[in-house]
J.: 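Could you have a look at this structure, given as structure tokens, before my questions?
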Amino acid sequence: MCRILAYLGEPLPLRHLLYDPDNSLVTQSYSPRMMNTFLNLAGFGMKAWTPAALRPQEPLSYRATTLPSFDRNLRSLSSQLAPTCLVAHVRGVTYSDEAVVAETNLHPFQFPGCGIVLAHNGHLRGFAGMRYALVEHVRPDLAQRIEGTTDSEWIYALVLSQLEDPFAMPLADELAEATPAALRILRRVRHAAGIETSSPVNLCISTGRSLVATRFSFDYGWYPPEDEMLETDLPFVSLWSTTGGEYARRDDGWQMTAGDPPRSLIIASEPLTVDDAGWLEVPEYSMLTAELTSAGVEFETRDLDV
Amino acid sequence: MSESAVVDVLAAVPLLEGWQPPELADLARVLRRRSVKAGELLWPQGGEGREMAFVVEGSVAASLRVSGDRDVEIATVGAGEMVGEIALLDGGPHTMAVHAAESATLLMLGRADFAALLASQSPLAFRLRRRLAALLTARHREQLRLLAASLDGEPPAAAPPAVELEPSGAPDSRYLRRMASFHAFDPLALWGFLTSGRYVRCGAGQTLLAEGVPSEACYLTVNGAVEKLLVRGSRRIRVGLAGPGKPFGYESLIDGGASPVTAVTRERSLLLVIERAAFDTLFAGEDAVSRVILDVIQADLVATLRQTLRPQARLSASL
């Protein structure tokens, strides 16, 4: 019940991703095109790596539970920043008194001292019944950093725990090994807990130069008869990408210019423009990896066999 | 252009195969003749689907814009052929920009009139739905042929799959009724459709259809997911995922050809299996139950054609 956005490439004004296109991430918070019944009103968060920063290897963090469309601070920032990497997220929660809207639950997650960030679109069904079984799979020094109540922050801790050194800066290939390893643990824990309901885990994980994104669901297509998510679950866990030279406004709207090899990559839960020409849907059971190099953006899509 | 001349043109349109002159004359009365000059745009990609077109003379070209601000020509549509029907069938935007490749004469059919033709319970409407299914299946096969040609190597040996299907009881009707694919149907008609086959369970990794081998049944995924694949040696392209409410395996039953894809369960799955004889009865029928299967297949074909268009365009752009 969220929307995610990741960017990797040449410095790009932040507002070109968050505000300017007709289906920008901020627009998706109150008017998502590919979600039937949910809005994403539980807050906004982003991590942005900018070459002009004092410490360019560390991202600028911004998280607020206010609505991003009315957030003047965010709008001002987005006019001043031109990141080479961005992971941003608008959070949606079910309309119930069990949902906790708080800054500590806003994505992307980044533990102190760690250079890796993670944002999640999806939800682990029955998470309350598996949370404590995950403890044995999470490094203690990471488990004690968990502040919020979300399944997503546990997924983050679990992915980090699969890395040899979670406080180092891994390449995309290392993240691409750790991510399926974490998903396999989740599958085993779910199985042990008897959880068999469809649970999407679309992730964006980045270090600022490396990026991994998944489109994946445990027990795809399995719902109990009375399940309230049945009619909305599968369509909303979409993931799209576009690559090219630069994301720019043309006469007929925002689009990627030509670029071979590509210099820019955008990954998003749904295209940033209503006209989705130029965007490709990332298939279910896929993992996209990307690395920012001096020659541009190297990326590939792999089957995610978990 | 006289009405009789229009009727003569329509008689040669594959979609209208088998229509009698009075039926064609009725259709002719709601068509709008349009002449276009070479290069003239009929509609842009992403434009609202208000009309489709039958080409009388000349030709029109359909192109898709891909990233990098490039337009890739996907097809040229000549006399007797139609263009623009996908947007009218699913209510979405036009999949491609269409412009006149040369001076052309067209007969335009509006959205409301096309919808009225399909919505009717007359034998003519059922015939039209079956022809649409056949033509869209042929187009789908051509898309898959182009994608498969991009993979080096031969298709796998055409051997019927040996699959273990465990009989299962019917799923909870509350679940079935809430599936997005079935919202629009009358409950009794839906019940007729859902009891036209048998339910089976199947583990993950089971091959249900083998490319090159005719399918003996139409399947519908109730729970789980089935991948539709093109496999060439170690390379494979996933061309679709049949999740809850999505049919697969029907192409052979519609046109008698081989299965164009290999279908493998990606998750443990609960499936409705409609054997060939039952499918043939439903597909040829003209009642509300037949309407369900025709609509479900049509929706799947339209969605598949839309989905496959982008990889096809990327492929064309890279050649």
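Keep in mind that this is a model prediction, so the values were computed, not measured. Per chain, numbering begins at 1; letters A, B, ... match sequence-line order.
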J.: Kindly give the heavy-atom pair with the smallest separation between A/Pro224 and B/Tyr175, and that separation in Å.
T.: O-CD1, 4.4 Å
J.: Is A/Thr242 close to chain B through its backbone or its side chain, or both, or neither, when contacts mean heavy atoms under 4.5 Å?
T.: side chain
J.: Considering residues at least two apart in sequence or located in another chain, which fulfil the side-chain hydrogen bond (donor to acceptor under 3.5 Å, both in side chains) criterion with B/Arg268?
T.: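 Scan of B/Arg268 (side-chain hydrogen bond (donor to acceptor under 3.5 Å, both in side chains), adjacent residues dropped) gives A/Asp219.
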J.: Verify the neighbour count for atom CZ of B/Arg50: are there more than 12 heavy atoms of other residues, nucleotides or ligands below 6.0 Å?
T.: no
J.: Considering only heavy atoms and a distance below 4.5 Å, find which of B/Arg236, B/Arg266, B/Gln307, B/Glu227 pairs most often with chain A.
T.: B/Arg266
J.: Chain B: which of A/Pro262, A/Ser286, A/Ala277, A/Gly245 shares the most heavy-atom pairs with it under 4.5 Å?
T.: A/Ala277
J.: What is the minimum heavy-atom distance between A/Tyr220 and B/Ala225, and which atoms define it?
T.: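 Where A/Tyr220 meets B/Ala225 most closely, the heavy atoms are CD2-CB, 3.4 Å.
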J.: Would you call A/Tyr285 and B/Glu267 a side-chain contact if the rule is heavy atoms closer than 4.5 Å?
T.: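 Sidechains of B/Glu267 and A/Tyr285: in contact.
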J.: So for A/Asp303, is it side chain, backbone, both, or neither that comes closer than 4.5 Å to the heavy atoms of chain B?
T.: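 Only the side chain of A/Asp303 comes within 4.5 Å of chain B.
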J.: For B/Ser173, is it the side chain, the backbone, both or neither that has a heavy atom under 4.5 Å from a heavy atom of chain A?
T.: neither
J.: Give a yes or no on this: more than 12 heavy atoms of other residues, nucleotides or ligands lie within 6.0 Å of atom NZ of B/Lys246.
T.: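 No, NZ of B/Lys246 has 12 or fewer neighbouring heavy atoms, counting only those of other groups under 6.0 Å.
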J.: For B/Arg310 versus A/Gly278, what's the shortest heavy-atom pair and its separation?
T.: NH1-N, 4.1 Å
J.: Are B/Arg65 and A/Asp275 ion-paired here, with the side-chain N under 4.0 Å from a carboxylate O?
T.: yes
